[in-house]
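Structure first, then comments.
Count residues from 1 along the sequence. Just so you know, these numbers use all the heavy atoms, side chains as well, and skip hydrogens, waters and symmetry mates. Owing to the predicted nature of the structure, the values given are computational and were not obtained by experimental measurement.
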Amino acid sequence: MEKYSASEYLNTKVVGKYLVIQTLPRASTWGKIFDFNNEGITENNYKAYTYDFTIMNNTNDRVSEFKFALYFDQEVYISSAWNGALEIHQNINGTEYVATVPDMREFNKDLYDFDTVTVDGEDFIRLEPGDYLVYYPSSTINAMEMPIGSHEATTPGIIMYVPMEDEIIDSSFEIQYKFHRVIVADPMFWISFVGFLLWCVTLTVYIVIYLQISKYEEQHKRDNRIIEESIETFTRFIDAKDPYTNGHSKRVANYTKIIAKELGFSGEELEYIYYIALLHDCGKIGVPDNILDKPSKLTEEEFEIIKAHTIMGGEILKQFKSLKDVELGALFHHERYDGNGYPVGLVGEEIPLIARIICLADAYDAMNSDRVYRKRLDKEEIIRQIESNKGKQFDPNIAEVVLELIRNDKLEGTK
């Protein structure tokens with residue numbers, strides 16, 4: 001069970017170890033007249049809010065159970081909710097009244113002792129500061145909100161009314177969620193897991209052999225080829241999920257190595273940077289193929305799943321102790337220098353240096369490659385794009401190094 005204050009997290013992602021949660025109150029275009037004292041009010045004085053709760057499972061397991069509580073510090077009127085039951089906690093004359101409404105769309109006030117109002121034939125439950133509700137998702141076939149499959153999401157929601165001059169985002173809410181992990185019985189999961197373990201063993205053997213017999217130059221070179229081919233085989237497996245970016249991981253690793261060398265890195269440190277860049281997109285192994293291969297514009301939900309590949313990549317590499325901080329490239333290569341990136345929103349030099357280098361190498365490869373929605377950009381346009389994004393998307397100092405490399409045709413593939 002975890003708790004979050006809505007005043008701190010509303011309209012932002014809450015990144016937990018297993019779930020990504022996004023809460024979003026959307027003001028609607030319709031309103032109603034609530035004339036409590038029969039004053040003859042003719043203009044709408046209450047407006048509707050649709051409150052969405054997107055819960056995404058970013059693990060390879062199945063979330064079998066969850067619920068959340070929503071607390072209020074302002075007066076609201078509950079109109080509807082979908083695909084789940086609402087357990088209402090209402091203070092009536094100093095006594096808490098608790099009852100569960102299986103489906104708010106079929107709410108009948110005569111069956112409960114709630115404090116309600118009726119407007120235009122529609123019944124509303126009045127909730128005052130201190131009242132709260134608990135949402136229990138439906139598991140029936142016709143309105144299923146749980147379980148949540150691996151790398152899938154669900155979006156339950158509630159419709160409520162507040163006075164026209166109020167903003168629901170200014171209220172104080174608290175969200176709770178609970179889930180139970182269930183290991184997925186999927187052969188592809190175990191095939192990928194065993195493959196990854198074999199790759200880790202291969203890399204570990206290489207490092208041990210390298211340290212023990214470094215005096216043998218030929219042996220070192222042979223071992224280096226073995227490990228590089230192993231990692232490249234793994235990255236080709238990842239790249240093969242997206243035919244439009246096939247070979248992307250190796251190109252980004254090469255560009256990163258060239259940029260890092262220009263920045264003064266050398267020797268084993270340069271090889272270490274190359275491997276981190278080679279693995280920067282390993283989190284895409286958990287993104288469904290139908291989203292990666294989609295030729296048309298992604299929905300907001302699909303884009304959130306795509307963005308989660310950074311978190312998944314960090315989780316995959318976090319336990320890989322043989323290369324220190326190897327997860328930094330996968331986790332932070334989509335952060336922006338101006339703080340508008342993801343998944344955390346780091347600013348400037350808060351972003352690890354390796355991630356800032358990979359960010360530029362990754363963007364350069366995207367601009368210098370054909371995509372399903374456009375052809376590759378020419379050299380002059382790539383230079384213009386990087387110039388215009390210095391200090392915004394890109395570290396300005398690294399951007400200057402990259403621009404010099406492009407102008408002198410020192411980045412492979414530059415036309």
Side-chain angles (χ1 to χ4, degrees), residues 192-193 195-207 209-210 220-263 265-287 292 306 309-335 351-369 398 401-402 405 410-413:
S192 300
F193 180 72
F196 181 69
L197 285 181
L198 290 174
W199 168 71
C200 289
V201 169
T202 303
L203 181 58
T204 303
V205 169
Y206 157 69
I207 293 174
I209 292 175
Y210 173 76
H220 166 70
K221 290 180 180 179
R222 185 173 69 85
D223 291 340
N224 192 56
R225 285 197 301 270
I226 291 173
I227 193 57
E228 184 172 340
E229 289 171 2
S230 298
I231 297 177
E232 287 181 358
T233 298
F234 180 68
T235 55
R236 281 198 296 269
F237 174 73
I238 299 167
D239 285 352
K241 288 173 63 65
D242 187 354
Y244 297 109
T245 59
N246 199 9
H248 168 75
S249 295
K250 186 170 184 178
R251 292 195 301 272
V252 170
N254 285 330
Y255 298 146
T256 301
K257 187 175 181 180
I258 293 170
I259 297 167
K261 186 175 181 180
E262 198 71 16
L263 289 170
F265 292 93
S266 61
E268 289 184 3
E269 200 170 28
L270 205 55
E271 294 303 313
Y272 163 73
I273 289 171
Y274 175 83
Y275 291 137
I276 292 178
L278 200 58
L279 295 168
H280 78 284
D281 266 347
C282 69
K284 284 187 177 178
I285 196 172
V287 178
L292 280 177
I306 282 283
H309 84 274
T310 56
I311 299 170
M312 287 184 276
E315 288 295 320
I316 289 171
L317 297 175
K318 186 170 63 176
Q319 300 304 319
F320 184 36
K321 305 298 184 183
S322 300
L323 289 176
K324 183 182 178 182
D325 297 330
V326 66
E327 74 275 13
L328 296 182
L331 187 59
F332 298 121
H333 69 280
H334 279 297
E335 295 287 357
I351 306 167
L353 177 59
I354 180 60
R356 281 179 273 149
I357 298 173
I358 294 174
C359 174
L360 263 153
D362 189 48
Y364 172 74
D365 185 62
M367 291 185 285
N368 196 45
S369 303
I398 300 175
V401 170
V402 172
L405 288 168
K410 291 184 178 180
L411 275 184
E412 181 183 353

| request: For side-chain contact (heavy atoms from CB on, under 4.5 Å), just list the numbers for I276 and L317, CA-CA rounded to whole Å, side-chain angles, deciding distance to a tenth of an Å, and then say yes or no. | output: CA-CA 10 Å; I276 292 178; L317 297 175; over 6 Å; no
| Non-neighbouring partners of L198 that pass side chain to side chain contact (heavy atoms under 4.5 Å, CB included), sequence neighbours left out | V194
| message | Quick check: closest heavy atoms across G283 and I316, and the distance to 0.1 Å? | response | CA-CD1, 4.3 Å
| message | Checking I258 now: which residues fulfil side chain to side chain contact (heavy atoms under 4.5 Å, CB included) with it, not counting sequence neighbours? | response | L405, L411
| said: Using a strict threshold of under 4.0 Å (side-chain N to carboxylate O), is an ion pair present between K257 and E271? | reply: yes
| Worked check of side-chain contact (heavy atoms from CB on, under 4.5 Å) between L353 and R356 | CA-CA 5 Å; L353 177 59; R356 281 179 273 149; 3.8 Å; yes
| Measuring from E327:CD to T310:OG1, what's the distance to the nearest 0.5 Å? | 12.5 Å
| field | Gap separating the NE2 atom of H309 from the NZ atom of K284, nearest 0.5 angstrom | value | 5.5 Å
| query | How many angstroms lie between CD1 in I398 and CG in L263, if you round to the nearest 0.5 Å? | reply | 6.0 Å
| said: If the condition is side chain to side chain contact (heavy atoms under 4.5 Å, CB included), which residues does D362 pass it with, not counting sequence neighbours? | reply: H248, V252, H280, H333, H334
| query | Which pair of non-hydrogen atoms, one from G314 and one from A330, has the smallest distance, and what is that distance? | reply | N-CB, 4.1 Å
| request: Working to the nearest 0.5 Å, report the span between CD1 of I354 and CG of L328. | output: 8.5 Å
| Between CD1 on residue I358 and CG on residue D365, distance to nearest 0.5 Å | 12.5 Å
| task | Name all residues meeting the side chain to side chain contact (heavy atoms under 4.5 Å, CB included) criterion together with V201; count only those two or more places apart in sequence or in a different chain, and write none if there are none. | result | V205
| task | May I have the step-by-step check of side-chain contact (heavy atoms from CB on, under 4.5 Å) for I259 and Y364, ending in yes or no? | result | CA-CA 12 Å; I259 297 167; Y364 172 74; over 6 Å; no
